[in-house]
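Residue numbers run from 1 in the order of the sequence given. Excluded from the calculations below are hydrogen atoms, water molecules and symmetry mates; all remaining heavy atoms, backbone and side chain alike, are included. Ligands are counted one by one from 1 in listed order, and the atoms in each one are counted from 1 as well. Here the structure is a predicted model, which means the values were calculated and not measured.
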Amino acid sequence: MAYSYPKDNREFIKALEKSGDLVTVEQEVDWDLELGAIVRRVCEKKLPSPYFKSITDYPGFEALGAPLATYRRLAVAMGMNPGSSIPEIADEYVKRTTSEPIHPVVVDRKDAPCKENILTGDDADLFRLPGPMVHDGDGGRYLATWHFVVSKDPDTQDINWGMYRIMVFDEKTMVGPVLPFSDMGKMFHGKFAPKNKPMPFAVVIACDPLSGMAACAPSPIPEDQFAGMLMGEPVEVVRCETCDLEVPAHAEIIIEGEVIPNVEIEEAPFGEYTGYRTSPREPRTVYRVKTITHRNNAILTVSNMGVPTDEGQLLRSFSLGLEMRKLLESQGIPITGVYMLPESTHHMVVVGVRPAYSNIASQIANLIYGSKLSPWFHMVVVVDEETDIYNKDDIIHALSTKCHPARGIRIYEHGVGTPLNPYASPEERIWSRGAKVLFDCTFPLDWPKSDLPIKVAFNTMYPKDIQEKVLNNWKNYGFQE
Ligand SMILES: Cc1cc2nc3c(=O)[nH]c(=O)nc-3n(C[C@H](O)[C@H](O)[C@H](O)COP(=O)(O)O)c2cc1C
């Protein structure tokens, strides 16, 4: 069954406008820092998405900033009520993404708006697109911050869509980091570069929001099928101009070319999702551009990573947490829920559990830290049913009262990390190494029941009939909420 959801970037903009989650900026803004500064402030103040109608030097182009930086916008992208709660959105996401994979369908190029303008030869010039200077101190203009790179595995023919940031180097060259444990990293460094073969790519900028969500989700299912699962119907794709790849037909901008083996160009610095500039200038993966296609009046999407909350933090936390939930449920662990906090820059995950047997928290941490998901975070907090995993006050309370400072904290010294961890030493960053930690906030099962501290809270301290009476009379007492 196809869900009701915005089918492209333009329908998404209309839906955000309708739900009150968009501000249309008519005043001209400069691609050189001004646009980036606005998007940054929007993220920090949790404001509606800015829709820029006029960009200095780029008549005919527009931009949407911070497209998915709040749960309200995520709900709109899923076609849900914007006021849906986080558990409601999470349950809907899990329901859709545990259905059967849905393969894309290829449409005719005449039905593909992304082919409205085709730039080849000298016209395929990256400076014709309004790539912004996102943060002061960035190593260049970042054209691709909310986008994905399409590639195809030469052995399995599986398609990979992955979000890997990309900086413009010159008219026909882009450069960016592709981490060694990412799917594209394994494909390019494992299957193309050793044979000195260029790898065809297509960068897709600004398509429907669910395809973007799929591209940054850590799912084992190829993302072009995963996007179909989120939509409940196939993604419509069209063949590229220069290679054997397909891209979403309704996308605003497509950049086609080849990733060049055994050549690297310096990229960054860049302000990162951790809230720090943790990307130094280093030699990174090179994309040579052959052709650019775009819609009339193309609308770029721009993410500005930094301190919380941007869409990378929100969506990566959301999807990483829910993949962990699927993993733990598939192993029959009696969990009550999993929530990764976007404010932790997807470093801290809270797992709710019924502590049915001893050392269940360690079992959870071992499973999570042993999985493919683990490079991106390093704090697992396990709480029992008393703690609301979506309530930050409750989590802090459990951490500071139930986790024993010595035996409640377990350190895992040898983990896979990312080069972006602000706490990691220069050597750990080079080798993508990271330590991990478990905070066990459950009381030991071998304590006598009579020794268990009783939580002093409204819902634990009063008989049910008194709670109901108070709740039923709440407004009569004179309270509004
Ligand atoms: C805005 C944004 C930018 C990202 N940039 C990079 C990047 O430059 N390099 C990288 O390896 N991963 C990056 N990631 C993380 C990947 O998108 C993420 O690991 C995704 O799951 C990739 O899929 P894969 O597992 O198929 O490689 C970024 C994520 C987001 C949300």
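Looking at Tyr273 against ligand 1, nothing comes within 4.0 Å, counting heavy atoms. Contacts with ligand 1 closer than 4.0 Å are made by no heavy atom of Met187, backbone or side chain.
Under a 4.0 Å criterion applied to the non-hydrogen atoms of Ser182, ligand 1 contributes the atoms 27 (O). Within ligand 1, counting atoms from 1 as listed, the ones closer than 4.0 Å to a heavy atom of Glu223 are 26 (O). Residue-ligand proximity, Trp376 to ligand 1, at heavy-atom distances under 4.0 Å covers atoms 12 (N), 15 (C), 19 (O). Annotation for ligand 1: atoms under 4.0 Å from non-hydrogen atoms of Lys372 are 25 (O).
Not a single N or O atom of Pro218, backbone or side chain, sits closer than 3.5 Å to an N or O atom of ligand 1. Checked by distance only, ligand 1 and Arg165 come closer than 3.5 Å through their nitrogen or oxygen atoms. Between Leu179 and ligand 1, an N or O atom pair is found at a separation short of 3.5 Å. Looking at Gly312 next to ligand 1, no N or O pair under 3.5 Å apart turns up. At under 3.5 Å, not a single nitrogen or oxygen of Thr145, backbone or side chain, sits near a nitrogen or oxygen of ligand 1. Checked by distance only, ligand 1 and Ser303 stay at 3.5 Å or farther apart across all their nitrogen or oxygen atoms.
Applying the salt bridge (charged side-chain N to carboxylate O under 4.0 Å, His left out) rule to Lys95 yields the partners Glu92; only residues at least two apart in sequence or on another chain are considered.
Ligand 1 has Ala217 within reach: a non-hydrogen atom of the residue lies less than 4.0 Å from it. Residue contacts with ligand 1 leave out Phe181, since none of its heavy atoms falls under 4.0 Å from the ligand. Every heavy atom of Gly176 sits 4.0 Å or more from the atoms of ligand 1.
Considering only heavy atoms from C-beta on, Trp376 comes within 4.5 Å of Leu179 through its side chain. Using a 4.5 Å heavy-atom threshold, the side chains of Val23 and Leu47 count as separate.
Side chain to side chain, Glu272 and Thr278 fail the donor-acceptor criterion of an N or O pair below 3.5 Å. A donor atom on one side chain and an acceptor atom on the other are found under 3.5 Å apart for Arg73 and Ser49. Counted by atom type alone, Thr242 and Glu256 present one or more donor-acceptor pairs between their side chains at under 3.5 Å. Arg165 and Ser279 form a side-chain donor-acceptor contact under 3.5 Å, judged by distance and modelled atom types alone.
Protein heavy atom closest to atom 9 (N) of ligand 1, with residue, atom name and distance, is Pro177 O, 3.0 Å. With hydrogens left out, the protein atom closest to atom 3 (C) of ligand 1 is Met305 CE, 3.8 Å, a heavy atom. Scanning the protein heavy atoms around atom 10 (C) of ligand 1, the nearest turns out to be Tyr164 CD2, 3.4 Å.
Of the residues listed (Arg10, Lys7, His250), the one engaging Asp208 in a side-chain hydrogen bond (donor to acceptor under 3.5 Å, both in side chains) is His250, and it is the only one.
Distances from atom 21 (O) of ligand 1 to the heavy atoms of Arg316, Glu311, Met163 show the closest one on Arg316.
For the pair Arg96 and Tyr3, the cation-pi test (distance below 6.0 Å, angle within 45°) is passed.
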Next on the checklist: Set out, in order, the CA-CA distance, both residues' side-chain angles and the distance that settles salt bridge (Lys or Arg N to Asp or Glu O under 4.0 Å) for Lys372 and Glu323, then state yes or no.
Outcome noted: CA-CA 10 Å; Lys372 175 186 187 260; Glu323 285 304 320; over 6 Å; no

Item to check | Criterion salt bridge (Lys or Arg N to Asp or Glu O under 4.0 Å) on Asp91 and Arg325, from CA distance to verdict | outcome: CA-CA 11 Å; Asp91 286 346; Arg325 169 170 151 185; 3.0 Å; yes

Just distance, no hydrogens or angles: give the donor-acceptor pairs under 3.5 Å from side chains in residues 213-238, sequence neighbours left out.
| unit_1 | atom_1 | unit_2 | atom_2 | d |
| --- | --- | --- | --- | --- |
| Ser219 | OG | Ile221 | N | 3.0 |
| Glu223 | OE1 | Trp161 | N | 3.1 |
| Glu233 | OE2 | Tyr5 | OH | 2.7 |

